[in-house]
Protein chains: 2
Amino acid sequence: MEELTERKKQILNIIIQNYLETGEPVGSRTISKYPDLNFSPATIRNEMADLEEMGFIIQPHASAGRIPSDKGYRFYVDGLIAQKDREITEIKDVMFERTERMEQVLKQVVKVLANNTQYATMISAPAISGTKVKFVQLSPVNEHQLLSVVMMSGNIVKNKLIELDSPLTAEETLKLNMLLNSSLNGLTIGDINLALIAQMKSQAGEFEDIIEQVLKTVADTIEDEEGLEIYTSGATNIFKYPELADSQRAKDFIEAFEEKEELKDLIADIESTGEGEPGTGIQVYIGDESPIGSMKDCSVVTATYELGDGIKGTVGIIGPKRMDYKNVMDNLTSIKKKLEQIVKG
Amino acid sequence: MEELTERKKQILNIIIQNYLETGEPVGSRTISKYPDLNFSPATIRNEMADLEEMGFIIQPHASAGRIPSDKGYRFYVDGLIAQKDREITEIKDVMFERTERMEQVLKQVVKVLANNTQYATMISAPAISGTKVKFVQLSPVNEHQLLSVVMMSGNIVKNKLIELDSPLTAEETLKLNMLLNSSLNGLTIGDINLALIAQMKSQAGEFEDIIEQVLKTVADTIEDEEGLEIYTSGATNIFKYPELADSQRAKDFIEAFEEKEELKDLIADIESTGEGEPGTGIQVYIGDESPIGSMKDCSVVTATYELGDGIKGTVGIIGPKRMDYKNVMDNLTSIKKKLEQIVKG
DNA sequence: TGTTAGCACTCGAATAGTTGGAGTGCTAAT
DNA sequence: ATTAGCACTCCAACTATTCGAGTGCTAACA
């Protein structure tokens, strides 16, 4: 893949910026009108054909202008991330005064962010990310019940009664115990990802139900202890963006916000991949890059905030791919700073 | 208004039931095909014209069949409520086993209900409804701040600092104190309804902002103490009903579920009006009867559950006007029973 | 060689007609 | 009181038709 010439970059940026503003496909005539680009539409068209061939832009249909592809957005966003001088948009709300409880603060944060950006927002409560599984023990209670005991670091123990469809032999129980311990020992919640779960299930064969229930216990334990609580706001902002507002998509999207399970997966993914550009703590998922199916036509921008001692949380904004990335990143940076100040100040 | 003849009742019931099933306007031909009604379409049409004149049914447009009006639904629902032999649809989920915390149970309840009915559901945590306002005191702190102190029964005290646009004279403060105490003293949260608020505001004249803030403090106090928590589920089920699924309506509806403030108003209203038919504890709001604007095209069916000692909560289902009232009422009755058993068993 | 004017072409969005059927109200006959 | 018959209405679905924005290509040009 050849490098982009300066002029191509310029045109690509114009296309993206214009599309972000208007939401309409951008044509060659429009671009040629930009003052810093003195070329005829025909010339622009040639360049656009190249850009399309390289995969940066797309033609929705033959007689329309171009819109950015995911790769195009990625180019644009990477450019934004590179320029470090993030402008701190002062959050002017009277928040963070009289912080009765962290919970209140977080609820305010998502609301303010949703208001400022007009996108959907979420935040995870600060949590210690180090809690690890120490051991797991399945013990038969009777023919139809199995007691699962999970111990986490810090000697936190949690029990759960699992109902069995059919009795388990002692040997089978032993095998399951070994599988669980060898797979889970020493792992944090962040390490337990979908791939691992799938793998364990396949190894467990017919007992995958039990695996699932044990994992649920582990998850419950960690959540209870760490309080992996997620607050959201502005999910209905999705209706502001016609390309997302059809009912099936909107339903799935809002459901993800109502259930919050998928959001937890997302946050786990974020925290496991580590922060994007060093220092900023800001990460951007464009379209399919996000692990959540119902958000494949969205972009997700997140920031991780740290309160010291490994206590951290994630705050994120989810909107259409053509979101105002700059504003969103500024807001997140600002919020991140504010949150981190709470502890110190 | 003349009484309905037996035949008119029969026809009206057929129209409603058919419309509930199909969602399509019901024509005279369709009705005449019912086995227990041996009349020609023409005869039915005459009756239908009468029913329309009386306001029980509506013609969406000139060449369509009829659909029930709110009054029609009311007729039908009243008929349902009258027949006391509510069928207890056994909730077959494994719920209520191992009730770790009430919170968990309630979250399960709304989910199960939403699944069973395919409507949106809500439940308020059981709360002591007896907490009353003992006194309210406004004290000037300085020119721009006013301290409001609210004491509730049980000697629960809550403070809030109110910002003033302009200073208040001693006389004005006294007047406000008197107004607040005379209006609020001895009232429970249920007694403080919109009408009362409006009345107080009008009496307060230019100080209505202050009244509002004081009332907010009262509400906050009660909530904190009583934990008026609301759990919801299935808000996105609204997309299943085309007549409600247009984006503006859906947005407002789902927003109400996200914010929960309006739901609290609704529950306050329910608890203040007392239970509908004695014994059942089931109440039905059809369309405009509900106090929530975003639900004017919906029906709300609620049941109040009591855990004894004045501790009670409200569980409700919100769906389209053409909801399956019978199934919904059965489900609510069943849940109500189950919840009340938790304490006893 | 890079740029541009000109032109035929394509495609979607919007608008306007066309049709068919379901349902009605009215009248006159039973 | 009931019903058959009929003219009428209106929506929903479908089918042109038009319009304009935008393209790719070719040939001319600097």
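By convention in this document, chain letters (A, B, ...) are assigned in the order of the sequence lines, proteins followed by strands, and residues within each chain are numbered from 1.
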DNA chain C nearest-nucleotide lookup for A/R7 and A/S63: closer to the 5′ end is A/R7
Going by salt bridge (charged side-chain N to carboxylate O under 4.0 Å, His left out), A/D50 matches just one of A/R45, A/R7, A/K8. Which one? A/K8
Just wondering, are more than 12 heavy atoms of other shown residues or ligands nearer than 6.0 Å to NZ in B/K240? yes
To the nearest angstrom, how far is B/Y19 atom OH from C/dG23 atom C1'? 16 Å
Starting at atom CD of A/Q59, determine the distance to atom C1' of C/dT10, rounded to an integer number of angstrom. 10 Å
Rounded distance in Å - CZ (A/R45) to C1' (C/dT4): 10 Å
Taking only Lys NZ, Arg NE, NH1 and NH2, and the carboxylate oxygens of Asp or Glu, determine whether B/E259 and A/K111 approach each other closer than 4.0 Å. yes
Which heavy atom of B/V284 sits nearest to which heavy atom of B/R74, and what is that distance? O-NH2, 2.8 Å
Test: B/D330 and B/K326 ion pair at under 4.0 Å: yes
Look up atom CG in A/L263 and atom CD1 in A/I292, then write down how far apart they are to the nearest 0.5 Å. 5.0 Å
When you measure from the side chain of A/S290 to the backbone of A/Y285, do you find a donor-acceptor pair of N or O atoms at a distance under 3.5 Å? no
Can you pull the contact range of chain B along DNA chain D, 5' to 3', using atoms under 4.0 angstrom from its heavy atoms? D/dT2 to D/dC11
Going by heavy atoms closer than 4.0 Å, what residues in residues 28-44 of chain B are next to DNA chain C? B/S28
For residues A/N327 and A/N116, report the shortest heavy-atom separation together with the two atoms involved. ND2-O, 4.1 Å
